[in-house]
Structures are given as C-alpha cells and as structure tokens.
Amino acid sequence: MKELIANLIHTALDSLKAAGTLPVELDVQAQVDATRDKTHGDFASNIAMVLSKQARRNPRELAQAIIAALPADAAITKVEIAGPGFINFFVSSASTAEVIPSIIAAGSAFGLSQLGKGEKVQVEFVSANPTGPLHVGHGRGAAYGATLSNLMAAVGYDIQREYYVNDAGRQMNILAASVWLRYLELCGEEFTFPSNGYKGDYIRDYAAELLQRVEQAYRHPATTVFDGVPADEPAGGDKEIHIDALIDKARDLLGEDAYEVVFQLGLTRILDDIRDDLGEFGVTFNEWFSERSLTENVERAIQTLIDNGHIYEQEGALWFRSTTFGDDKDRVVKRDNGQTTYFASDIAYLQNKFERGFDRVIYVWGADHHGYIPRMKAACEALGFDPERIQIRLVQFAILYRGGERVQMSTRSGSFVTLRELRDEVGNDAARFFYVSRKAEQHMDFDLDLAKSESKDNPVYYIQYAHARICTLLQKVAAEETAFDQARGLNNLSLLEQEAEKDLMQKLARYPEALENAAVNGDPHILAHYLRELAGDFHTYYNAHRMLLEDVNLRDARLVLSQAVRQVVANGLSLLGVSAPESM
RNA sequence: GCGCUUGUAGCUCAAUCGGAUAGAGCAUCGGCCUUCUAAGCCGAGGGUUGCAGGUUCGAGUCCUGCCAGGCGCGCCA
C-alpha cells in the first residue's frame with residue numbers, strides 16, 4: 001500500500017514536471033508513512049514540505065497541486081491536505097481487508113521478505129568464557145543475539161550463528177588448576193584453596209569425575225604442590241602471583257599430557273553445560289569456534305598488518321598503530337616476552353571470519369566492552385577490509401528486582417544469579433520476551449515478580465492469551481452445527497465494518513514493516529511492542545463483539561480475521577523464541 | 001582528567017530517516033462477568049522530554065555548552 005501511494009505521488013510529480021509547474025531536475029523519493037492518528041487518514045506523505053523550498057512554493061499550495069495531479073485509484077477513497085502541508089490518504093476498507101487473504105495464504109511465511117538479498121552475515125554472540133555457568137547478563141546477550149539472528153534470517157539474510165570459545169587464555173588455566181586442587185582435596189590432601197581460584201560447586205563435581213576416572217594417579221602431596229609458591233592474598237601475598245605459581249606447579253607435577261586431561265575435562269564439562277543451558281533457552285549455534293584453533297592465524301594476521309605497514313616495534317614489543325584509524329592509543333599485539341595478546345587473537349579471528357566469506361560480521365557485546373570498538377574497527381581497516389563490514393551491537397546488563405528489591409549480585413562473592421536459575425524461576429518464554437522487550441543498549445530493570453505473574457500486567461501472558469483465546473474459539477466453532485468455513489469467511493470480509501475490525505486489519509498489515517524495522521535496525525523490541533499492541537487490539541475487539549453468531553457469514557468473516565491475528569501472533573512469537581500456547 | 005553512553009508521566013518503557021495534539025503498560029480512581037477464557041475490557045486524572053542556547057517550515061530526535069547517572073581508559077584476559 002505504501003508503495004502504491006508512493007507511485008501515485010511520483011506519477012503526479014512527473015506530470016507536474018511535464019506541465020512546467022515543477023523544475024524537471026527535481027528528484028526526491030516520496031516518503032509515505034502510516035499515520036499515528038486516525039483523523040489523519042491511513043497514510044500520509046510529507047512530500048510537499050520537503051519540496052517546497054526547491055519548488056519555491058509554499059507547502060500547502062504545492063500539496064494542492066500534487067493532489068490535483070494525482071491519478072485516481074480504487075484503493076484510495078479520499079486525499080486531504082492537513083496541517084503544514086501533509087497529504088493524507090484514506091484507504092478503502094476493501095483494500096484494507098486484502099491483508100487477510102494474504103495472511104491466510106502465506107501462513108507461517110507471512111511477513112518474510114527478501115530484503116537481505118541473501119547477504120552472508122555472521123552473528124557472534126554470548127561467547128562467554130567457559131569457566132562457569134552463564135549468568136543473567138549472558139542471558140540477555142543470548143536472547144538478543146538469537147532474536148536478532150531470527151529476525152535477519154526472516155527478512156532474507158543468510159545468517160550464521162557463532163559462539164567464540166575463549167579456550168586459550170589464562171582464565172582457562174585457572175579453571176584447570178582449580179579442578180585439580182579440588183581433586184587433591186577429594187584425595188585427602190589438606191590446604192587452603194586459592195582465593196583467586198574458581199570456587200563454584202560445579203568445580204567439585206568435575207574434580208569428583210576426575211577422581212573416578214584417574215583415581216590417585218594425579219595425586220601429589222599438598223606440601224609438594226605448595227612448596228615454593230608465593231603467599232596468597234589473605235596470607236599477605238598477591239593472589240594473582242599465587243594462582244599463576246600454582247598453575248605452573250600443576251603443569252610441572254602433572255606433565256603436559258595429564259595437565260591437558262584436567263584442562264579438557266573442565267572445558268568440556270562447562271561447554272556441555274553451557275550448550276545445554278542455551279539449548280533449553282532456544283538458543284542454538286551453527287558453530288562453536290575455538291580460540292585455540294586460531295594459533296597459526298595469529299602470526300599470519302600480525303604479518304598482514306606488518307605487510308600493510310601498520311606495525312612498529314618499541315621496547316621489545318610489537319605495536320599496532322591503531323591511532324591511524326582513530327583509536328585513542330596504539331595497541332600491543334605481541335608482548336616483549338613473545339606472547340601474543342588477546343587483541344591479537346581478536347584480529348586473527350576477524351581476518352578468519354572474512355576469509356570464511358561473510359559479507360558482514362556482527363558482534364554482540366556487553367556494553368562494558370564499548371571501549372574496544374575503535375580498536376576493532378581499526379583492525380578491520382588495517383587488515384584491508386571496509387570497516388562498515390563489522391558491526392558491534394552493545395547489550396546492557398539487566399538489573400533483577402524481586403519483591404521490589406534489587407537482587408544483589410557480585411562476582412566477587414560468587415553470588416551471581418545464573419541464567420538457569422532465572423529460567424527455572426520465570427520460565428523460558430518470559431525470560432526470552434523480557435530480555436528483548438527493551439532497547440538492547442538501554443539499561444533494563446527485570447522485574448522477576450512481573451515475569452512470573454499470570455495477569456495482563458505480564459506482556460508475555462497477555463500476548464499468549466490472545467493466541468490461546470483464538471485457538472479456543474476455533475475449537476468451539478468446530479462443535480457448532482454449521483462448521484466454520486474459511487472460504488465463506490474470506491468471501492464475506494466486506495461485512496467487517498466495525499471500527500475495531502478495521503483497526504485490527506490495519507495493524508495486521510503493518511506486521512511486515514515492524515519485522516523489517518526490527519531486523520534492519522537490530523531492535524527486536526520493535527517486534528515485541530508490535531505484538532503487545534496487536535494482542536491489545538484483539539482483546540478490545542473480542543470484548544466488544546461476539547464471534548459465534550447465528551449469522552454464519554458474519555461469524556466466519558470474524559473468525560477468519562481472528563485466524564489471521566492468530567497467525568501473525570504465532571509468527572512474531574516464534575521469531576522471539578516464545579511459545580504460542582493453544583490454551584491457557 | 002579524557003572518551004563512549006543514557007536522561008521522556010509517580011514507576012517500567014515507546015515514539016517508524018527530523019513530522020501533525022509526545023504514546024502504552026503498571027500504580028491511583030471509577031465502571032463491566034446468568035452470554036465465545038475477567039490471564040480480559042471501558043473510562044478518568046497524570047508531562048516545561050535533565051537545563052540553556054542553536055540549526056529549520058517543523059526538534060524528544062541533529063549541533064554546542066552545562067548538570068546528573070552508567071561504563072571504559074594495562075606489554076590483563
């Protein structure tokens with residue numbers, strides 16, 4: 001409909017140009033928007049105001065001229081000038097109703113488009129360090145990334161979902177050491193567990209598994225293990241130095257092979273757990289990409305930067321001159337001790353992504369990482385790629401509230417709420433919906449009581465309830481003497497003359513647009529809000545008018561409208577990863 | 001200190017590339033169940049869009065300054 005109106009306007013402009021009313025060189029894309037206010041018709045264009053300066057005529061006068069030149073069309077019943085020079089279009093109810101047969105015909109495919117033209121886009125998200133269970137902060141990134149991927153796939157992008165497994169860093173060695181130390185405790189050794197080790201109960205589980213598998217083979221006396229290890233922080237030392245020394249000890253005493261067994265056990269168990277957790281949350285990946293697999297790529301990436309002239313040496317280290325591309329300061333990629341930095345891995349990973357043929361790569365990061373954007377963009381450009389091909393979406397943490405009180409979380413005491421706990425408490429549907437119901441880069445307050453409540457206050461239930469109500473209706477009518485006949489409904493759409501019916505049809509017609517906006521802007525909340533509004537319109541309609549009437553023509557027309565609503569609600573919820581129950 | 005970011009109704013949030021009288025929900029108050037699910041509906045009140053300038057036909061939206069909150073500024077990962 002928008003396109004139709006835009007075409008009509010362009011035709012009018014062309015004829016005005018031909019008549020000499022407008023300069024021929026004028027070239028503007030007509031903007032047509034759905035109106036917010038019904039008294040402004042169904043669609044409005046600001047074309048007259050935009051052109052008024054170039055055309056040297058006042059907007060209302062110009063609007064009048066455009067309207068006069070507008071070709072007639074059966075779909076448009078009335079055109080008006082309003083306000084400072086808006087042209088308002090009123091659409092015939094017959095043409096408004098056309099959305100219903102198209103929804104029924106398209107079914108679950110309604111709203112899909114080819115906007116993305118098959119562009120290959122990778123979305124990398126979550127990518128939490130595999131050192132423990134996911135917490136609620138990761139949950140928002142997971143929900144956002146998964147939904148963004150769904151939305152983009154729905155509008156025609158070729159999406160690849162990826163999790164970057166940080167299995168190469170120091171944190172992983174701390175994890176391995178923690179597992180081994182817990183194992184030693186189970187063997188009967190006595191010592192003080194390092195303050196910087198991982199203290200979660202899951203570590204004890206892995207240790208128990210290790211004990212079962214290797215029995216006493218990896219046991220060493222605590223005195224040997226702690227011999228020569230600098231004091232821990234509570235004992236007046238440095239916790240970082242302490243844990244690093246213990247890691248070295250573990251490697252020494254176990255040897256690389258056994259150390260690797262411990263390391264892999266911890267890594268594998270945690271990844272399995274994360275995979276299960278996310279799977280239950282409806283979040284899946286095409287690829288779990290290991291940082292360790294990148295080792296050769298890192299040297300090659302650095303070489304690429306050297307070849308491109310963006311690396312210099314200073315004080316024994318290799319520096320990437322990222323300031324060339326607008327970063328605050330230059331960054332080290334290889335330390336004076338020969339080790340490459342984490343950032344160097346990121347550069348290698350980026351190069352690897354483009355080598356795999358992605359046209360565009362999207363990173364979903366916690367908002368606390370925003371300081372890394374300039375250097376990643378710089379790296380992209382220095383590698384020789386257009387920096388527009390990487391996009392970084394920031395997701396803010398959610399603050400949980402229970403009983404009106406903020407739920408305290410601190411990583412230090414290990415008292416963070418896990419994603420699994422959240423899912424157990426409020427359910428997957430509520431968690432998925434709540435996470436994406438706010439703009440991603442916005443702080444959000446997550447009200448646990450609201451997410452659990454079974455009332456209209458809870459937008460998830462509100463939307464699902466609309467779906468369930470319609471399913472129940474359709475079930476009920478199946479028991480009537482005269483069965484529901486979809487074709488009869490479609491043939492009698494002209495009977496839908498109520499205001500609420502027109503509102504509903506117009507809302508339905510806007511679904512593809514809401515979906516596209518949400519996908520292109522990376523704003524799933526647009527779809528969430530749309531569904532809330534659609535459900536609201538349906539509840540209003542349902543309360544104001546009866547469906548199961550004697551007059552089967554009207555009855556089936558209303559039911560087919562309801563069916564269309566049900567379909568769109570189901571399609572939208574599915575993209576959000578929320579179920580659409582048939583009864584509640 | 002420098003940089004990024006946010007500031008909209010009592011609360012949580014919207015506002016389609018800069019468009020018309022800034023909208024929902026919650027909370028408050030008042031109505032609606034012998035009829036398809038009241039997990040619902042209808043109505044009322046509630047605003048100097050942090051403050052001050054600027055850009056223009058038009059600014060919550062863009063620019064500048066200030067105020068307030070959040071985050072980031074390692075040869076850490």
With a 4.5 Å cut-off on side-chain heavy atoms, are A:L294 and A:Y349 touching?
yes

Looking at the base of [N], is there any donor atom on it, or on the side chain of [X], that sits under 3.5 Å from an acceptor on the other one?
{"X": "A:E315", "N": "B:rC75", "value": "yes"}
{"X": "A:N88", "N": "B:rA20", "value": "yes"}
{"X": "A:H539", "N": "B:rC41", "value": "no"}
{"X": "A:R510", "N": "B:rU16", "value": "no"}
{"X": "A:N46", "N": "B:rG19", "value": "yes"}

When the [atom1] atoms of [M] and [N] are compared, how many Å lie between them, rounded to an integer?
{"N": "B:rC41", "M": "B:rC57", "atom1": "C1'", "answer": "42 Å"}
{"N": "B:rG74", "M": "B:rA9", "atom1": "C1'", "answer": "45 Å"}
{"N": "B:rA24", "M": "B:rC67", "atom1": "C1'", "answer": "30 Å"}
{"N": "B:rC73", "M": "B:rC13", "atom1": "C1'", "answer": "31 Å"}
{"N": "B:rU49", "M": "B:rA22", "atom1": "C1'", "answer": "8 Å"}
{"N": "B:rU8", "M": "B:rG25", "atom1": "C1'", "answer": "15 Å"}
{"N": "B:rC42", "M": "B:rG50", "atom1": "P", "answer": "30 Å"}
{"N": "B:rU64", "M": "B:rU6", "atom1": "P", "answer": "14 Å"}

Pairing donors with acceptors under 3.5 angstrom, does anything connect the side chains of A:Y461 and A:D429?
no

Write down the distance between [atom1] ([X]) and [atom2] ([N]), rounded to a whole number of angstrom.
{"X": "A:N58", "N": "B:rG58", "atom1": "CG", "atom2": "P", "result": "14 Å"}
{"X": "A:R331", "N": "B:rG72", "atom1": "CZ", "atom2": "P", "result": "14 Å"}
{"X": "A:H40", "N": "B:rG19", "atom1": "NE2", "atom2": "C1'", "result": "11 Å"}
{"X": "A:N543", "N": "B:rA39", "atom1": "CG", "atom2": "P", "result": "11 Å"}
{"X": "A:I526", "N": "B:rG23", "atom1": "CD1", "atom2": "C1'", "result": "15 Å"}
{"X": "A:F446", "N": "B:rU12", "atom1": "CZ", "atom2": "C1'", "result": "13 Å"}
{"X": "A:L450", "N": "B:rC11", "atom1": "CG", "atom2": "C1'", "result": "12 Å"}

Evaluate salt bridge (Lys or Arg N to Asp or Glu O under 4.0 Å) for A:E533 paired with A:R510, printing each intermediate quantity in order.
CA-CA 11 Å; A:E533 285 173 23; A:R510 291 187 187 186; over 6 Å; no

Please determine whether a side-chain nitrogen or oxygen atom of [X] lies at a distance below 4.0 Å from atom OP1 or OP2 of [N].
{"X": "A:K439", "N": "B:rA15", "answer": "yes"}
{"X": "A:Q31", "N": "B:rG18", "answer": "no"}
{"X": "A:T35", "N": "B:rA20", "answer": "no"}
{"X": "A:R36", "N": "B:rA20", "answer": "yes"}
{"X": "A:H443", "N": "B:rG7", "answer": "no"}
{"X": "A:R469", "N": "B:rA38", "answer": "yes"}

Would A:E80 and A:K78 pass as an ion pair if we require N to O under 4.0 Å?
yes

Taking only Lys NZ, Arg NE, NH1 and NH2, and the carboxylate oxygens of Asp or Glu, determine whether A:E388 and A:K377 approach each other closer than 4.0 Å.
no

Give the C-alpha distance, both sets of side-chain angles, the deciding distance and a yes or no for side-chain contact (heavy atoms from CB on, under 4.5 Å) between A:R558 and A:L496.
CA-CA 7 Å; A:R558 287 183 171 174; A:L496 301 179; 3.7 Å; yes

Enumerate, in order of first residue number, the stems that involve RNA chain B, defined as 3 or more consecutive Watson-Crick or G-U wobble pairs with both distances under 3.5 Å.
B:1-7 with B:67-73, B:10-13 with B:23-26, B:28-32 with B:40-44, B:50-54 with B:62-66

With sugar-phosphate meaning primed atoms plus P, OP1 and OP2, does A:E513 contact a base, only sugar-phosphate, or nothing at under 4.0 Å between heavy atoms?
base

Evaluate salt bridge (Lys or Arg N to Asp or Glu O under 4.0 Å) for A:R331 paired with A:D327, printing each intermediate quantity in order.
CA-CA 9 Å; A:R331 309 289 172 179; A:D327 194 8; 2.8 Å; yes

Can you see whether A:F538 has A:R469 sitting over its ring - NZ or CZ less than 6.0 Å from the centre and within 45° of the normal?
no

Going by 5.5 Å between centroids and 30° between planes, is there a stack of A:Y462 over B:rA39?
no

Audit row: A:E501, A:L561, side-chain contact (heavy atoms from CB on, under 4.5 Å) steps and yes/no
CA-CA 8 Å; A:E501 288 163 341; A:L561 168 61; 4.0 Å; yes

Toward the 5' end of RNA chain B, by each residue's nearest nucleotide, A:D33 or A:T341:
A:D33

Take A:A440 and A:Q396, find for each the nucleotide of RNA chain B with the closest heavy atom, and name the residue whose nucleotide sits nearer the 5' end.
A:A440

